[in-house]
Structures are given as structure tokens and as C-alpha cells.
Amino acid sequence: MAPSPPTLEGTCKLLSAPAPGSDVFAAVAAEYAALADEYGPRNVLVLKRHPAGLDSLTEALADADRERDDSGPRSPRVESLPEHASKTIEEYDPTLDRLEYEERIELISLVIDGASRAVPDYLARAADHESFTRDVGQLLLAATRQRIRLDDLEDPHDCLAFLYAMNDRFHAELDDRGYVERADVVPRAVDLLEADADGLRTRVTASFDAVLAVEFEEYRQLDRRYLAALTRDAEVVCLGERHASVERTRVEPGSVDEIAADTGLAVEPIDLEPIRDEGTTPPHQPIARFLATGKPPDQPADADSVGRARRLRTGTAREQVRAVATEIQSLRDRHGWSYDEFAVAVPRIERVPETRRRLRDAGVPTATIGTPSLAEDPAVNELYAVVTCQCERERDGDALERLEDAAAQNATDPRAVSLDRLRARVPEFSPDLLADTAGSSVRRSLERWIRRTDLKGRIAREEEWVDAREQYEGIRRVLEIADFVEETDLVGSDWQGLRRMLRRTIRYDAPYVHAVETRPPTGGVTVCAIDDLKYDSRTAVFLLDLIDENYPGEQFLTQLFPTAWLREMSTYPAVTDPSREDVSDTFATVDVRKTTESSSAAQQNAKRSADAADVGDPFETYHAQRSRRRLALGARAADRILYCCSYERGAGGLRRSYDESRYLHLIDATPGLTLKDVDAGTDATIHGETNAIEALLAQPRGELERVLREASTGGEADLGETEALFEEIAVVLENGEIDDELAKAVRSQFEFAAGEVVRDD
């Protein structure tokens with residue numbers, strides 16, 4: 001039987017629509033100041049649903065204008081709800097261990113390998129696909145967060161029944177071993193608080209008298225139950241935004257007004273008009289509001305447009321990032337903005353590492369610290385090579401010496417590949433070094449290798465600070481896996497066991513489970529998934545990859561099952577079968593004919609039914625509207641300038657087209673909204689050292705092609721221009737202040753242009 005909905009006593013204050021980040025922070029700060037004045041700042045707990053943007057929120061609350069003058073510190077108590085739930089569990093049982101992602105991969109794989117239940121044919125075939133394990137992992141994480149158990153379901157799909165059975169067995173193993181996985185933190189904390197196990201609720205709630213629940217539009221049912229159990233004896237103020245829920249609406253339909261009212265909260269609107277001074281509203285704010293609510297701007301008769309953003313189009317995804325880098329350098333030159341005033345947002349977190357690397361290749365420093373795929377981490381690959389070689393030594397003490405004979409090596413042999421990697425990275429490498437660092441403990445052996453080869457010192461000397469930080473994090477993760485191998489009975493506590501677990505972790509590692517810090521103290525351009533900008537803001541924001549394949553997208557929820565199947569999977573942990581009324585109730589963007597507040601309930605119900613009739617495919621419409629909201633929230637993160645960036649897509653054969661997002665076309669077609677094109681061509685102004693070098697290298701061949709083009713069409717080429725250009729390049733090459741390798745590269749371009757060198761393609 002489904003649990004009864006949670007009951008909350010308090011107030012839910014709602015902003016009318018997604019507003020600029022500074023306005024949202026101002027509204028939260030005002031509510032916090034009122035509670036802090038009444039109860040004292042240390043007696044007010046601020047709970048935010050998601051960790052992203054927590055630091056920015058804390059800064060805003062620390063500066064809140066309070067009437068009460070406290071002599072103590074002004075630091076507000078701000079935590080994400082999962083973090084607070086984790087501390088609640090630790091308060092109940094300090095001996096419980098939280099299962100790390102790497103350990104989760106190993107344990108759940110062993111559970112599946114040992115299953116007696118027959119694997120459905122579809123899953124057996126799907127297992128060959130590269131994304132299969134990650135897709136299954138995401139599904140099981142979602143099922144765990146929602147406390148979905150097989151025994152509670154009626155007639156689930158065979159594939160889901162198998163996966164949920166494995167998930168139940170997996171959690172039974174966790175209970176036996178004294179572990180709790182991160183996805184199960186909130187559900188377990190809810191059970192403990194509601195039961196007041198060992199007086200836990202009294203102990204946890206004794207330190208506060210009021211709770212400010214921020215980002216309430218994203219609180220799911222279990223989150224609301226946690227909040228209800230936590231606040232039985234405290235004042236509750238919830239603060240949310242209408243038309244802003246993306247994560248909650250993935251798993252449950254409905255507007256935040258309906259959710260708040262069903263929970264028992266008194267809903268109050270917040271008027272943002274007094275917060276922002278007249279004339280300081282960002283020019284693109286009407287675009288963000290239109291994307292979120294579907295409401296076009298009120299256009300004055302004497303104005304061509306009310307909402308403005310910039311559009312950047314390029315031929316390829318690579319050129320898109322290069323054009324963004326050029327535009328960032330241009331804005332810095334014109335306005336003197338620092339790099340940390342920029343953000344570049346991509347559709348998915350998996351796109352962060354590649355985008356960041358290309359920006360840095362174009363001369364733009366980036367600030368994002370995250371955990372990229374372990375497979376791409378050079379330090380992790382070095383340690384994995386060490387483990388592979390130690391396995392071989394453990395099996396056959398003379399094997400490495402035999403492999404040292406070049407004639408015996410096989411380029412595809414993992415042992416040979418590992419030896420080659422170690423020789424390339426460690427100048428003093430020899431098989432003796434492996435023997436000298438090996439011992440009975442795999443953890444201490446790896447630590448000896450790190451010290452003896454000065455791995456961290458090499459990273460610090462050879463890598464940019466961002467890469468260094470990430471590689472240090474990769475080393476830490478490998479050492480933690482080595483610790484786990486020595487403590488668990490899941491795998492052998494030797495080199496073979498460590499290699500097995502490392503190999504599986506590297507293969508199935510997924511960036512979505514690791515935290516990403518978007519504003520570290522050292523500065524740089526933030527590169528993040530668009531969802532991470534919801535509670536953040538930057539002077540200029542670039543929204544990348546605005547093509548229809550991403551916004552709204554071609555495949556919703558998962559790649560694991562066909563869309564036709566998803567529509568029939570009522571027990572899938574997401575909204576798969578929304579009614580037409582669900583769509584129109586959840587998204588104002590499919591309800592463009594607004595009702596007035598004075599309309600009767602009967603009129604409004606009739607209106608919703610009429611709008612629902614206009615919805616096409618409810619499943620596709622529902623999740624496409626979620627994608628539209630993501631764009632709206634990313635757009636509102638820009639304080640001054642918003643860039644909408646897209647590129648061409650291949651359409652079969654040699655045909656290419658600008659397959660821009662349908663939402664950009666919708667903005668174009670809406671009176672009062674304008675997207676101003678930015679020059680991203682090759683003749684645009686060059687900014688940045690890397691772009692200047694690339695332009696310099698392209699000059700000789702480009703100039704020759706210009707002359708030949710004129711000659712072939714009967715025109716007259718001005719050789720004086722060519723001569724002047726080449727003289728300038730010659731002066732640069734001869735002044736002795738440029739890198740020798742660069743000078744050689746430029747001269748080689750002249751040789752290519754003259755036909756003296758022919759590239760063997």
C-alpha cells in the first residue's frame with residue numbers, strides 16, 4: 001500500500017516565475033533574515049534540495065540584512081537535504097559506512113553474477129551495448145531514492161522485475177555488511193525519524209527552532225516526508241519557484257502550488273518587483289520567462305524588441321567551443337571582466353571534460369574541478385599499469401624480464417602496454433623498481449610507488465593546476481579502492497583482486513555520480529552541466545549545443561528501453577505515462593491561454609481540460625517541456641549577457657544543416673524577442689594567444705589559395721598585399737622572441753603552400 005502523503009504545517013512562499021539569480025537570493029535572504037531575527041541565526045536551519053549552488057546561497061545569506069544584532073558569528077546553517085539526512089543517520093549509528101561508488105559497482109556486479117533468477121533475453125542482448133551498465137546503474141539509483149521494492153509492485157515488466165529483484169538483493173547484502181549507499185540515505189533517514197528510533201528525532205531537532213526549506217519545487221515525496229518528520233516542533237517556511245521544477249517533475253507530475261497545497265502548506269506569492277532596481281533587469285530575462293512560462297513579453301508600441309540574447313552559430317561542435325573562447329577573450333578585452341565571471345553550460349555532465357579541454361586548448365583557463373572519467377586520467381592509468389605488472393610478477397616472477405625483449409612483445413598484450421606506459425612516464429623505470437615497491441599490502445605498495453617515482457611531484461611540474469587537482473583526486477580514489485580490497489571479502493586482498501576491481505571501476509565509471517565544484521577560489525571559466533546553474537549566476541553565460549537533438553532531445557529518460565516500452569512501464573522510476581491533464585497542470589507552456597485569478601474553479605477545470613486536448617503525445621510533450629525549463633533556468637543564470645550557441649549537424653551524405661533547437665526558432669517567431677547573431681567567421685577579430693597562433697599558421701596556405709582562386713576566375717590578385725603580409729610574418733620569425741617550434745611550424749606551412757612538402761594521407 002502506498003504511504004500516505006506527508007503533512008507539513010507552515011507556509012510555502014512562491015516566486016511567480018524563474019527570476020534572475022540575484023533576485024532569487026534576495027528573496028531567500030529576506031525570508032532567512034526574518035527567521036534569524038526571531039529565533040537567532042544559529043537556531044535557523046536552511047535546507048536546500050540539491051548541493052549545486054550551495055556556496056553561492058551561503059554567501060547570500062551571510063550578507064542578509066538582519067535587524068537583530070548578534071555578537072556571535074553570522075555564518076548561516078546551510079546544508080543540502082541529502083547531507084543533513086546523512087548526518088542524521090550517523091547520529092543514529094556512527095558505525096555505518098557509506099558505500100562509495102567504486103565499491104557499489106563491485107558489490108552489485110557480484111550480486112547479479114550470482115543471481116539464480118533467469119536474465120530476460122532483452123537485457124542479455126542489451127548488455128553488449130557500451131552504455132548498458134551506466135543506464136542500469138542510473139535506473140537502480142533512481143529506484144533506491146524512491147524506495148521502490150519488487151514486493152510492493154503489481155505485475156511489473158519482466159526486465160524491471162529482474163532489475164528490482166537484483167536491487168533488493170543488493171540492499172540485503174548492504175544491510176548484512178553494515179553499509180548504506182548514498183541513494184538510500186534519505187529513505188533510511190525518513191524511516192528513522194518517523195519511528196523516532198532511540199529518540200533520534202529529539203536529538204536531531206534540538207538544535208534548531210525554525211527551518212527554511214529552499215528550492216522547494218524540487219522536493220520529492222520522500223524529501224517532503226523527511227522535512228515533515230524533522231519539523232514537528234519547529235516553524236517551517238518553504239520557498240520555491242513556479243515553473244522551475246526539473247528534477248521533481250522527472251518522477252512526479254504537478255505544479256509546486258498543487259504539491260504544497262496537498263502537503264498542507266499555506267501558499268503565499270512573493271512579489272519580486274521591489275527587489276530589483278528599475279532599469280537593471282537583464283535584457284534576456286523576458287526570454288528566460290518566456291521559456292519557463294510561455295508568456296510573451298508586453299511589447300511597447302515604440303520598441304522593436306523587449307528581450308534580447310546573442311546567437312552564435314558555427315559549422316562544427318569543435319568550432320563552437322573555439323568561437324566561445326574567442327568571444328570570452330573579446331569580452332574581457334572590452335569590459336575587463338575576469339574569467340570567473342563567465343560560465344559555459346553543456347546539456348549533460350558527460351560533455352564537461354571535453355568542452356573544458358577544448359577551451360583550455362584555445363587559451364581560456366577553466367575553473368571547474370570535477371572527477372572526469374577514470375579512463376582518461378593519466379595518473380590512474382599509470383597506477384593501473386603498475387597493478388597489471390605486479391599481477392604478472394605475482395603470477396610469474398620472470399615474466400616481465402621476458403617481456404622486456406622487444407621481439408617478444410605484442411602491441412595488444414595488456415602487460416606489454418602497461419610496461420610501455422610505465423617506461424614512457426617514469427624515466428628511471430625498470431622491472432626492479434616494481435619489485436622494490438611491492439609488499440604484502442597493496443595499498444602501501446602503491447604508496448611506495450607514488451613516493452619513489454615522485455608521481456605527485458611530476459604531476460605538479462607537468463600539468464596545469466586543474467589537471468593536477470583532478471589527478472590527485474584520481475590517485476586518492478585508487479588508494480581508497482586498494483583500502484576496500486584489503487578490508488572486504490568481495491575480492492581477494494591481493495594484486496589480482498585490486499586489478500579486477502580497478503578494471504571494473506574504470507570501465508563503468510560515470511561522471512554523474514561525482515561532485516563538481518564550479519567556483520573554486522583560484523578562478524577561471526566555469527564549465528558545468530546546465531542544471532548546475534540553477535542556483536548560480538555569472539556575468540556572461542554561454543549555453544552550448546542548442547540543437548534539437550539536445551533540446552528537447554530525441555530520447556527521454558533512458559537509452560535502456562525503447563520509448564514504446566517506457567510508455568507501458570508504469571513501475572519505471574520516472575513519469576512514463578502522464579495524462580493530458582498532467583501535462584497541462586505541470587507546464588504552463590502548454591497552457592498559453594491563461595485563466596485569471598478570479599476565474600471560478602469550474603471555469604479553470606474546464607480550461608485545463610480544453611488545453612489538455614491540444615497536447616499531442618503526452619509522454620513526449622511532458623519531457624520536452626522539462627527540457628525547455630532547463631533552458632529557461634540556464635538562461636536566467638546570466639546577469640548581463642546570454643549566448644545561445646549551436647552548430648551544424650550532418651543529415652546524411654554530404655548534406656549538413658543548422659538543426660537548431662525548436663525553442664530557438666520559437667524565440668525567433670515571438671514578437672518582442674530577438675536573437676542577435678554574433679560573427680563567428682574566420683575574419684572576425686582574433687583574441688587570445690592560441691587563436692593568434694592558429695591564425696598565423698593558416699596564413700601562408702590561405703594566402704596562396706586566395707591568389708589561385710583569383711587567377712582561376714580571371715580576376716586580378718593584389719600581390720602587394722601578399723608581399724606585405726609575408727614580410728610581416730618574416731619580421732615576426734626573425735625577431736628572436738618566439739618559440740623555435742612555432743617558427744618551424746610557420747616555415748613548414750610555407751613549404752606546404754609551395755608544394756615542397758606533400759603530406760601522406
Side-chain angles (χ1 to χ4, degrees), residues 102 352-354 356-361 363-393 400-401 403-404 409 411 414-439 441-483 485 495 498-499 501-503 505-506 509 511 514 516-517 520-524 527 690 739-741:
E102 296 83 1
V352 168
E354 177 190 3
R356 186 186 56 210
R357 184 178 64 252
R358 288 182 174 176
L359 280 173
R360 286 163 48 202
D361 288 346
V364 174
T366 60
T368 305
I369 295 295
T371 306
S373 171
L374 289 179
E376 299 173 0
D377 190 318
V380 171
N381 283 326
E382 177 179 324
L383 294 178
Y384 183 68
V386 170
V387 173
T388 300
C389 291
Q390 295 288 17
C391 284
E392 193 63 20
R393 286 189 64 259
L400 295 182
E401 283 74 8
L403 279 172
E404 281 286 286
Q409 288 194 24
R415 301 166 302 173
V417 171
S418 297
L419 281 173
D420 287 342
R421 175 169 287 130
L422 295 179
R423 277 193 291 265
R425 287 185 56 87
V426 184
E428 68 276 17
F429 172 76
S430 70
D432 293 338
L433 183 59
L434 288 167
D436 292 343
T437 55
S441 164
V442 292
R443 160 81 188 225
R444 290 195 294 273
S445 298
L446 287 178
E447 289 176 334
R448 278 195 293 270
W449 173 272
I450 293 168
R451 288 195 303 271
R452 285 282 301 274
T453 65
D454 192 25
L455 176 54
K456 291 185 177 180
R458 284 185 279 130
I459 292 172
R461 289 189 298 271
E462 298 168 8
E463 304 289 353
E464 297 289 340
W465 71 269
V466 172
D467 291 328
R469 280 280 300 272
E470 289 181 347
Q471 290 183 38
Y472 291 155
E473 176 68 13
I475 292 172
R476 183 192 65 78
R477 291 177 66 192
V478 172
L479 293 177
E480 285 185 350
I481 293 172
D483 267 339
V485 164
W495 292 112
L498 178 57
R499 183 169 186 258
M501 192 165 174
L502 262 182
R503 182 175 63 247
T505 301
I506 290 172
D509 185 46
H514 305 299
V516 175
E517 177 189 343
T522 47
V527 184
T690 302
D739 183 76
D740 290 341
E741 292 299 320

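A salt bridge links Arg356 with Glu470; the closest basic N to acidic carboxylate O contact falls under 4.0 Å. Comment: Glu480 engages Arg476 in a salt bridge, judged by a side-chain N to carboxylate O separation of less than 4.0 angstrom. Arg444 has no carboxylate O lying under 4.0 Å from a charged side-chain N of Glu447, or vice versa, which leaves the two without a salt bridge. Using a cutoff of 4.0 Å between basic side-chain nitrogens and carboxylate oxygens, Arg461 and Asp454 are scored as salt-bridged. Contact check on Glu382 versus Arg458 returns a salt bridge, with a Lys/Arg side-chain nitrogen under 4.0 Å from an Asp/Glu carboxylate oxygen.
Distance check, rounded to the nearest 0.5 Å: NZ of Lys456 to CD1 of Ile450 gives 6.0 Å. One finds the CG atom of Leu455 at 4.0 Å from the CD1 atom of Ile475 (value rounded to the nearest 0.5 Å). Here CG of Leu434 is found 7.5 Å from CG of Leu419. Values are rounded to the nearest 0.5 Å. From Cys389, atom SG reaches atom CZ of Phe429 across 5.5 Å, with rounding to the nearest 0.5 Å. Here the CG-CZ distance, from Leu433 to Arg452, works out to 5.5 Å after rounding to the nearest 0.5 Å.
In this structure a side-chain-to-backbone donor-acceptor pair under 3.5 Å is present from Ser445 to Gly439. No donor-acceptor distance shorter than 3.5 angstrom exists from the side chain of Gln471 to the backbone of Pro378, with no hydrogens or angles considered. Between the Tyr384 side chain and the Arg503 main chain, no donor and acceptor come within less than 3.5 Å of each other.
Taking the side-chain contact (heavy atoms from CB on, under 4.5 Å) definition, one finds that Arg357 meets it with Glu354, Asp361, sequence neighbours left out.
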**Message:** One pair to check against side chain to side chain contact (heavy atoms under 4.5 Å, CB included): Val478 and Leu498. What are the steps and the verdict?
**Reply:** CA-CA 9 Å; Val478 172; Leu498 178 57; 5.6 Å; no
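The shortest distance between side-chain heavy atoms of Val426 and Glu428 falls below 4.5 Å.
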